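Please read these numbers as outputs of a predicted model, since none were measured by experiment.
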Amino acid sequence: MSDQVSGQDFMTTNPHPYESLTPDKLLDAVEAAGFEINGRLFALNSYENRVYQVGIEGRPPVIVKFYRPGRWTEAQIREEHSFSSELLDADVPVVAPLAMPSGDTLGEHDGFLFAVFNQRGGHAPDTSVEDTLYRLGQWLGQLHNVGALSDFESRPTLDILSGIIKNTRYLTENDWIPQDLRPAWDSLIPDLTVHCEHRIRDAGEEIAKIRLHGDCHAGNILVRDQQMLFVDLDDCRMGPAIQDLWLLLNGDDHEKGIQFAELLEGYEMFRDFDRRERHLIEPLRCYRQLAHCAWLARRWDDPAFPRFFPWFTQPRFWSDQILALREQLGALQSPSLSIPGQH
């Protein structure tokens, strides 16, 4: 398959990339890949991609993910699959795509790229339970050891500052900010950008970039019978190790400091952590908030988004965003997260 199978041409002739992905078509795709389907189909919660539980004759159902056309190239998706395979080979618990009867992990059907996964159950980790963060840290240290062995060639590198600038520009240039809130927004964003730049400078230019999970929050980790499992490497990319750690921290600064220390205690059983990366936590938080807003804006032509996020176009949402970003500015102006017992 060519890298151009990603769907750019497909999108030019269809008003929405998933409009033609009918139940019959997606079942045909799975059957053509060599699976003996039984006709049972259940849509799962997923906004960026389309994900389904598909019944298979004589065995448990499988999970099939149809990648959003135009988001990733084939080469980028194959790098995701290859990284998942490397992690499995290193005994890092991750849900990786299955090899189809053809031997490939990536299928193509009528312009859609898709992958098939075993169905896995579980619940999000409870970080209030003793040793949970320690164990997560151990696994993340091992995941990052694999990630540091080589670089992605096609997948992107996380660039905090340029991402903030790009996403805020998209929101303003496309008039997503209500006009009566624009003065507050326009005065706030430059200050946020400057203070993010200061924090990034505090971390230093020599911070290592490695292959990451990329979206390592509790919802992308399953726990069952005391076993942990990382899922959904759809956002894997190059970036600083802290990107896979900070989303697991909750509460006030004191609580987050204690949690961070426990996480690092497990992490450093397997891999050293550069303490300067803690300066990136608040810029990353700012980046994530703005990226989420821009993501919703860019996907608004997808009928699923207005249906599930109706509040996005309401002035109250944007006033809340401005309030949250003002609080974020205060966090950027405060000292970086400290780790108890460490200097």
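Of the possible donor and acceptor atoms, one in the side chain of T172 sits under 3.5 Å from a partner among the backbone N and O of T168. Between the E79 side chain and the S154 main chain, a donor and an acceptor come within less than 3.5 Å of each other. The backbone N or O of T73 sits less than 3.5 Å from a side-chain atom of Q76, completing a donor-acceptor pair. Looking only at distances, no side-chain donor or acceptor of Q333 sits under 3.5 Å from a matching main-chain atom of H195. Panel note: side chain Q243, backbone G214; a donor-acceptor pair is recorded below 3.5 Å. A distance-only check finds no donor-acceptor pair linking the side chain of R271 to the backbone of M269 [under 3.5 Å]. Side-chain atoms of Q259 never come within 3.5 Å of backbone atoms of L133 as a donor-acceptor pair (strictly under, hydrogens ignored).
Note on L263 and V92: same hydrophobic cluster, where clusters join Ile, Leu, Val, Met, Phe, Trp and Tyr whose side-chain heavy atoms are under 4.5 Å apart, directly or indirectly. Clustering ILVMFWY residues whenever any of their side-chain heavy atoms sit less than 4.5 angstrom apart, transitively, puts L192 in the very cluster that holds L337. When hydrophobic clusters are built by joining Ile, Leu, Val, Met, Phe, Trp and Tyr residues whose side-chain heavy atoms come closer than 4.5 Å, directly or via intermediates, Y67 is not grouped with V51. A chain of hydrophobic side-chain contacts below 4.5 Å, direct or via other Ile, Leu, Val, Met, Phe, Trp or Tyr residues, connects V64 to Y18. Taken together through direct or relayed side-chain contacts under 4.5 Å among Ile, Leu, Val, Met, Phe, Trp and Tyr, F117 and V30 form parts of separate hydrophobic clusters.
Relative ring orientation between F312 and W300 is described as tilted, the plane-to-plane angle lying within the 30° to 60° band. Classified by interplanar angle (parallel below 30°, tilted 30° to 60°, perpendicular above 60°), the ring pair W185/W318 is perpendicular.
In this structure, E265 does not pair ionically with R135, as no charged nitrogen and carboxylate oxygen lie closer than 4.0 Å. Ion pairing between E36 and R59 fails under the 4.0 Å rule for side-chain N and carboxylate O. In summary, D234 and R71 engage in a salt bridge, as defined by a charged side-chain N under 4.0 Å from a carboxylate O. Under the 4.0 Å criterion applied to side-chain N and carboxylate O atoms, D110 and K25 are assigned as salt-bridge partners. A salt bridge is defined here as a Lys NZ or Arg NE, NH1 or NH2 lying under 4.0 Å from an Asp or Glu carboxylate O, and D235 with R237 meets this definition. Ion pair K65/E80 flagged as a salt bridge, since at least one NZ, NE, NH1 or NH2 atom sits closer than 4.0 Å to an Asp/Glu carboxylate oxygen. Under the 4.0 Å criterion applied to side-chain N and carboxylate O atoms, D252 and K256 are not assigned as salt-bridge partners. Between D191 and R326 there is no salt bridge, since no side-chain N of the basic residue sits under 4.0 Å from a carboxylate O of the acidic one.
Taking CG of L98 as the reference point, atom CG of D104 lies at 12.5 Å (rounded to 0.5 Å). The CG atom of L212 sits 9.0 Å away from atom SG of C236, with the distance rounded to the nearest 0.5 Å. Here CD of E108 is found 11.0 Å from CD1 of I77. Values are rounded to the nearest 0.5 Å.
When the shell of 6.0 Å around CZ of R40 is examined, it contains 12 or fewer heavy atoms from other residues, nucleotides or ligands. Heavy-atom neighbours of H254 NE2 from other residues, nucleotides or ligands within 6.0 Å: at or below the threshold of 12. Within a 6.0 Å radius of CZ in R316, no more than 12 heavy atoms belonging to other residues, nucleotides or ligands are found. More than 12 heavy atoms of other shown residues, nucleotides or ligands fall within 6.0 angstrom of atom CG in D180.
When only modelled atom types and interatomic distance are considered, W295 and E48 share a side-chain donor-acceptor pair under 3.5 Å. Using a 3.5 Å distance cut-off with no hydrogens or angles, the side chains of Q289 and Q328 do not pair a donor with an acceptor. In this model, no donor atom of one side chain and acceptor atom of the other lie less than 3.5 Å apart for N174 and R169. Side-chain contact annotation: N49 with R68, donor-acceptor N/O pair under 3.5 Å absent. Remark: the D244 side chain and the H144 side chain contain an N/O donor-acceptor pair separated by less than 3.5 Å.
A cation-pi geometry, defined here as NZ or CZ lying under 6.0 Å from the six-membered ring centre and within 45° of its normal, holds between R155 and W72. Judged by a 6.0 Å distance limit and a 45° cone about the ring axis, R211 is positioned over the six-membered ring of F152.
For Y47 and F309, the ring centers are positioned less than 6.0 Å apart.
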